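Remember, predicted model here, so these are calculated numbers, not experimental data. Heavy atoms only: backbone and side chains are in, while hydrogens, waters and symmetry mates are out.
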Amino acid sequence: MTRGQANSTSASGADARLPADQTIAADAQALSEQLKAMRERLFPPAASKTLRAFSSGEAAKLIGVSDGYLRQLSLAGEGPQPETGAGGRRFYSLADIHALRSYLSEQALSKGNLAKARSYLPRRDGARGEHLQVISVTNFKGGSGKTTSAVHLAQYLALTGHRVLAVDLDPQASLSALFGYQPELDLTGNDTLYGAIRYDEAARPLSEIIRQTYFPGLDLVPGNIELQEFEHETPQALARRQNGVDSGPVFFARIQAALAQVEEHYDVVVIDCPPQLGYLTLSALCASSSVLVTVHPQMLDVASMNQFLFMTSDLLAVVREAGGTLNFDFLRYLVTRYEPNDGPQAQIVGFMRSLFGERVLTSPMLKSTAVSDAGLTKQTLYEVGRENFTRATYDRALEAMNAVNGEIETLIHASWGW
């Protein structure tokens with residue numbers, strides 16, 4: 001009896017009779033149905049996500065004013081009026097908060113105080129040369145906190161008044177899942193960025209692909225498995241180009257060209273790159289004004305990042321020689337899933353800081369049960385309420401997350417000369 005025959009006879013009856021592709025397809029279908037049922041239980045009746053209201057204290061902190069000042073505005077009937085709950089507690093939707101930002105910004109501008117107006121409503125001005133900030137969040141290794149970092153950054157920037165476009169460039173579509181999409185059910189052909197960067201006549205304008213989210217000020221380009229088609233088609237397009245057949249912009253310029261179609265509507269684009277260095281990632285890097293490299297402070301992860309950096313530099317050098325522009329406003333390493341009391345992790349972080357200096361963000365993203373617990377319901381720290389956690393755990397995680405994203409926000413504003 002051969003080894004293959006032995007394995008076949010020892011396997012369970014159903015799996016032994018099915019080819020591997022059919023077994024995997026059956027598992028995928030069963031999992032998809034369970035995920036759909038879970039979504040419908042979590043977000044009834046329309047099976048779509050909504051964003052909670054914010055207390056007056058939370059709203060005041062987001063806007064940068066005192067709770068007492070918000071109360072004065074409410075009593076005077078100025079700006080949007082909050083919803084009033086039990087005991088006279090005031091609650092604001094994110095749309096209300098944005099409306100308050102606009103109102104306060106206009107008041108500041110009427111007094112000639114541009115800096116104050118920008119503190120309320122941090123919108124870039126293209127006429128002043130403040131370019132669209134495109135940030136790629138990337139790493140070679142899965143599990144580095146890449147998607148978690150990207151979604152929290154995009155939501156933080158929306159909460160602080162920026163106009164944000166999140167782009168899911170990962171065929172696994174984890175970012176899209178966090179925004180309430182189940183890719184195999186909610187998306188059809190050409191519903192991802194691939195629809196705007198493909199090489200044939202079926203390409204669509206990016207504006208037709210962008211979807212509004214339940215987060216006012218934050219739009220999404222969702223992802224799914226069709227993004228992988230770009231990896232398959234690009235070698236063929238390069239071969240055609242060598243034979244004199246023009247199929248539009250070369251691969252490393254296609255994402256940049258797609259984003260140029262909608263740049264006037266956004267201040268920041270956050271791209272969640274796939275965890276491999278393919279044509280999608282290279283095209284995203286070439287479209288980027290800035291890059292975040294996430295790294296888990298373990299020696300194997302750092303060694304993997306080392307290989308990622310070598311490969312990236314080699315490939316980007318080829319792209320640059322072919323005419324690609326690679327001028328980043330900032331390149332930063334973000335330490336993720338950090339445990340401050342872990343001695344070896346602290347050593348590795350110190351090692352990185354000694355090598356890269358200020359290119360390692362001062363604030364690390366802490367490992368926290370609050371983040372993982374929120375993920376059980378496809379939510380983020382910015383979506384869940386403090387009442388759902390041990391307050392100390394939630395506050396510590398939120399403070400660390402805000403410190404990371406606030407540091408990135410400062411870099412963005414510096415790129416605009418603010």
Side-chain angles (χ1 to χ4, degrees), residues 123-138 150 153-154 157-158 162-171 173 175-176 179 181 183 186-213 215-224 226-231 233-234 237 241 246-274 278-291 319 322-329 412 415-416:
R123 301 285 175 81
R124 71 181 182 92
D125 185 349
R128 294 174 179 267
E130 297 162 1
H131 59 270
L132 177 69
Q133 186 64 243
V134 181
I135 303 175
S136 282
V137 185
T138 185
L153 175 60
L157 291 171
H162 302 80
R163 300 168 300 168
V164 184
L165 176 64
V167 179
D168 193 349
L169 205 60
D170 188 345
L175 183 74
S176 302
F179 280 104
Y181 288 96
D186 300 328
L187 306 178
T188 55
N190 273 8
D191 279 345
T192 72
L193 187 64
Y194 170 71
I197 62 174
R198 59 186 300 160
Y199 294 94
D200 57 25
E201 64 281 354
R204 301 170 62 191
L206 185 57
S207 59
E208 295 180 4
I209 298 170
I210 291 171
R211 302 190 179 202
Q212 290 186 328
T213 71
F215 243 85
L218 174 54
D219 293 341
L220 174 70
V221 177
N224 71 4
E226 78 171 11
L227 286 163
Q228 199 62 32
E229 293 299 316
F230 189 71
E231 304 289 351
E233 291 181 359
T234 296
R241 180 177 292 272
D246 183 15
S247 54
V250 70
F251 80 89
F252 56 75
R254 299 187 82 83
I255 291 180
Q256 185 176 35
L259 292 177
Q261 301 170 17
V262 298
E263 66 175 320
E264 65 184 285
H265 303 296
Y266 300 100
D267 304 307
V268 184
V269 177
V270 178
I271 303 178
D272 184 24
C273 294
Y279 293 113
L280 283 169
T281 299
L282 282 174
S283 188
L285 291 174
C286 291
S288 297
S289 55
S290 302
V291 175
V319 168
T325 55
L326 301 165
N327 298 314
F328 297 147
D329 293 323
I412 292 171
S415 76
W416 294 334

Between Ile210 and Val262 the two heavy atoms that sit nearest each other are CD1-CG1, 4.0 Å
CZ of Arg124 to CH2 of Trp416: how many Å apart, nearest 0.5 Å? 7.0 Å
Could you tell me whether the side chain of Asp272 reaches within less than 4.5 Å of the side chain of Val167, counting heavy atoms only? no
Name the residue from Phe251, Tyr279, Tyr199, Tyr194 that meets the ring pair (Phe, Tyr, Trp, His ring centres under 6.0 Å) definition with Phe230. Tyr199
Here the pair of heavy atoms bringing Ala287 nearest to Leu259 is CB-CD1, 4.5 Å
Nearest 0.5 angstrom please: Thr192 OG1 to Glu229 CD, how far? 9.5 Å
Quick one: closest heavy-atom pair of Arg123 and Glu130, and the distance? O-OE1, 4.3 Å
Do we see a donor-acceptor contact under 3.5 Å between the side chains of Ser176 and Asp168? yes
Can you find a pair of side-chain heavy atoms, one from Phe328 and one from Ser288, that are under 4.5 Å apart? yes
Side-chain (Thr213) to main-chain (Leu218) donor-acceptor, under 3.5 angstrom: yes
Check whether any side-chain heavy atom of Val134 sits under 4.5 Å from a side-chain heavy atom of Ile271, and report yes or no. yes
Roughly how far, to the nearest 0.5 Å, is CZ of Arg198 from CG of Leu193? 12.5 Å
Tell me, please, which residues at least two apart from Glu226 pass salt bridge (Lys or Arg N to Asp or Glu O under 4.0 Å). none
So, does Ser415 use its side chain to make a donor-acceptor pair with the main chain of Ile412 at under 3.5 Å? yes
May I ask you to test the Ser283-Ile197 pair for a side-chain heavy-atom distance under 4.5 Å? no
Separation between CZ of Arg254 and CG of Leu282, rounded to the nearest 0.5 Å: 15.0 Å
Using only heavy-atom distances, determine whether the side chains of Gln133 and Asp267 contain a donor-acceptor pair under 3.5 Å. no
Under 3.5 Å, is there a donor-acceptor pair between the side chain of Ser136 and the main chain of Thr138? no
Check for a donor-acceptor pair, side chain of Ser289 on one end and backbone N or O of Asp329 on the other, with a separation under 3.5 Å. no
Say you draw a straight line from OH of Tyr181 to CG of Leu175; how long is it, rounded to the nearest 0.5 Å? 11.0 Å
Heavy-atom closest pair, residues Ala173 and Gly223: CB-O, 3.2 Å
Closest non-hydrogen atoms of Val268 and Leu132, given as atom of the first, atom of the second and distance, are N-CD1, 4.0 Å
Which heavy atom of Arg241 sits nearest a heavy atom of Pro249, and at what distance? NH2-C, 3.5 Å
Would you say the side chain of Ile135 lies within less than 4.5 Å of the side chain of Val269, judging by non-hydrogen atoms? no
Are any non-hydrogen side-chain atoms of Val270 and Val137 less than 4.5 angstrom apart? yes
Would you compute the distance between atom CG of Leu280 and atom CG of Leu169 and round it to the nearest 0.5 angstrom? 4.5 Å
Identify every side-chain donor-acceptor pair in residues 201-209 under 3.5 Å, counting partners at least two apart or on other chains, and give the distances.
from: Arg204; atom 1: NH1; to: Asn190; atom 2: O; distance (Å): 2.7
from: Arg204; atom 1: NH1; to: Asp191; atom 2: OD1; distance (Å): 3.2
from: Arg204; atom 1: NH2; to: Glu208; atom 2: O; distance (Å): 3.1

